[in-house]
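Structure first, commentary second.
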There are 2 protein chains.
Amino acid sequence: MKNDLQRSYDLKRKELETVCRSNGLALTIQRRAIFDALASRTDHPTVDQVYEDISEKLKGVSRTTVYRVLETFVSIGVATKISNPESKARFDADTKRHHHLTCIACGKVLDLHDPTLDNLVPREGKIPDFDILDYSITFTGICSGCRKKPLNKH
Amino acid sequence: MKNDLQRSYDLKRKELETVCRSNGLALTIQRRAIFDALASRTDHPTVDQVYEDISEKLKGVSRTTVYRVLETFVSIGVATKISNPESKARFDADTKRHHHLTCIACGKVLDLHDPTLDNLVPREGKIPDFDILDYSITFTGICSGCRKKPLNKH
DNA sequence: TTTTACTTGACAATTTGTACCAACTGCAAT
DNA sequence: ATTGCAGTTGGTACAAATTGTCAAGTAAAA
């Protein structure tokens, strides 16, 4: 008999199959392995961590493939990318608490100043053992400029 | 007579001087130029964008210096770094709305599931022209592991 | 099976970020 | 104003992260 963890794992695997099908994507062993590796950990691994994980099982995978497949997963919605889309450092001279609107099409980052969002506190007991110093909300979506033009593929 | 923009600009410049002094840091022309470049734009520039901006005025600045100075600014609190500290991509198979706790000491990212934070909506009229599709809150702070050990100056 | 479009692997090239060290410069104390 | 020095910078080299290219391989429909 399967436990809950195992069951949800199967469910996710099934989901991958469904989503790939509906997007006309082949269900390759690389994609399955990368998905399994990603889904079996909750620590938001880097590309190389995923690569390490699957290299053990899949002899001869390419790092390039891991990069590609993870981006594919993001585009079909079975994974998310933590932090900004380009994963390159961006700086801001405004150190007052404020939030960001990130366009998923062009990568532009706009500021959002809204005092109603400046005093959020996670519900007591929900926080793992962690001292919170600050926070920032990243809203993702489409900016006005990109809404007008047709989506240019990547 | 100075307008408001000019005045707030001077204020920020003055602030840089004050903060540098109180941290025992020299007010070099490079730091001033980099700060001016950063403070005069609101689009969260990358290191290279700042480098481009100041190269015009300061002949012969080094890209290395821009990297260094921007990190210095973050450490003394006159600038912030958008996105994760390592600025390297991290992925997550959990696509349901949830939030993150990022440790500024070790870079670890923990999940925070709290339904009270899952229905935020920016106040009407506060949003620039932008279609919001999703959002995620990043709380920054110190994880339990790093709280115990003394800060290692890297 | 066979076909074909989609994928991958290998490697090159680029981009991004860090380490190191000799030369330089704010700035505090003459 | 001059001097001395700790703090900074520039440049090169290096390491790490990411992307581009294309021939060869493979999933999946016919």
Side-chain angles (χ1 to χ4, degrees), chain A residues 13 16-35 37 44-52 54-55 57-76 78-79 81-91 107 152-154, chain B residues 13 16-35 37 44-52 54-55 57-76 78-79 81-91 107 152-154:
Chain A
R13 249 181 179 251
L16 175 68
E17 204 178 319
T18 310
V19 178
C20 279
R21 283 280 151 70
S22 70
N23 283 83
L25 297 178
L27 200 57
T28 64
I29 49 174
Q30 289 86 350
R31 283 181 180 150
R32 239 193 296 257
I34 291 171
F35 182 79
H44 318 86
T46 63
V47 175
D48 264 15
Q49 286 174 323
V50 173
Y51 174 69
E52 292 299 329
I54 67 166
S55 305
K57 296 165 198 165
L58 257 184
K59 186 78 177 177
V61 246
S62 166
R63 206 180 298 269
T64 311
T65 299
V66 182
Y67 272 97
R68 258 186 316 226
V69 169
L70 286 172
E71 290 297 344
T72 302
F73 285 172
V74 172
S75 72
I76 63 176
V78 300
K81 194 174 186 176
I82 311 294
S83 88
N84 59 3
E86 321 153 280
S87 63
K88 97 175 68 164
R90 287 181 171 272
F91 293 85
N152 53 347
K153 32 194 66 183
H154 88 108
Chain B
R13 249 180 179 252
L16 175 68
E17 204 177 319
T18 310
V19 178
C20 279
R21 283 281 150 69
S22 70
N23 282 83
L25 298 178
L27 201 58
T28 64
I29 49 173
Q30 288 87 347
R31 283 181 179 149
R32 240 193 296 258
I34 291 170
F35 181 80
H44 319 83
T46 63
V47 174
D48 263 15
Q49 287 175 324
V50 173
Y51 174 69
E52 291 298 328
I54 66 167
S55 306
K57 296 165 197 166
L58 257 184
K59 186 78 178 178
V61 246
S62 168
R63 276 187 356 116
T64 310
T65 300
V66 183
Y67 273 97
R68 260 187 315 227
V69 169
L70 286 173
E71 291 295 346
T72 303
F73 285 173
V74 172
S75 71
I76 62 176
V78 301
K81 193 175 185 174
I82 312 292
S83 89
N84 58 1
E86 323 154 277
S87 63
K88 101 172 67 161
R90 287 179 171 274
F91 293 84
N152 54 346
K153 38 189 64 183
H154 55 111

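From a predicted model like this one, the values you see are computed outputs, not experimental measurements. Just so it is clear: chains get the letters A, B, ... in the order the sequence lines come, proteins before strands, and each one is counted from 1.
Although no hydrogens or angles enter the test, the distance criterion places no donor-acceptor pair under 3.5 Å between the side chain of R90(A) and the main chain of I82(B). In this structure, Q49(A) contributes its side chain and T46(A) its backbone to a donor-acceptor pair below 3.5 Å. Side chain of R31(B) to backbone of A26(B): a donor-acceptor contact under 3.5 angstrom is found.
Summarising the geometry, the separation between CG on L58(A) and P on dG25(D) is reported as 17 Å, rounded to the nearest angstrom. The distance between atom CG of L25(B) and atom P of dA28(C), rounded to the nearest whole Å, is 12 Å. In this structure, CD of Q49(B) is placed 14 Å from P of dT15(C), rounded to the nearest angstrom. The distance from atom CD of E86(B) to atom P of dT18(D) is 10 Å, rounded to the nearest whole Å. R21(B) places its CZ atom 19 Å from the P atom of dA6(D), with the value rounded to the nearest Å. To the nearest angstrom, C1' of dG17(C) lies 9 Å from NZ of K81(B). Taking atom CG of residue L27(A) and atom P of nucleotide dA5(C), one finds them 21 Å apart after rounding to whole Å. Rounded to an integer number of Å, the gap from CG of L70(B) to P of dT18(C) is 11 Å.
Residue Y67(B) places its side chain closer to dG17(C) than to any other of dA17(D), dG17(C), dT8(C).
Take the nearest nucleotide of DNA chain D for K59(B) and for K88(B): the residue whose nucleotide is more 5' is K59(B). Of the two residues contacting DNA chain C, namely R68(B) and T28(B), the nearest-nucleotide position lying further toward the 5' end is that of R68(B). Residue order along DNA chain C, read from the 5' end via each residue's closest nucleotide, puts D48(B) first among D48(B) and I29(B).
Distances shorter than 4.0 Å separate none of the side-chain N or O atoms of R63(A) from OP1 or OP2 on dG9(C). A close approach under 4.0 Å does not occur between any side-chain nitrogen or oxygen of T64(A) and OP1 or OP2 of dG20(D). T65(B) has a side-chain polar atom (N or O) that falls below the 4.0 Å cut-off from OP1 or OP2 of dG10(D). Taking side-chain N and O atoms only, Q30(B) has no distance below 4.0 Å to OP1 or OP2 of dT25(C).
In this structure, Y51(A) and V61(A) approach most closely via the heavy-atom pair CE1-O, 3.6 Å. The minimum heavy-atom distance linking L16(B) with R32(B) is given by the pair CD2-CA, 4.2 Å.
Within 4.0 Å (heavy atoms only), T46(A) reaches no atom of the nucleic acid at all.
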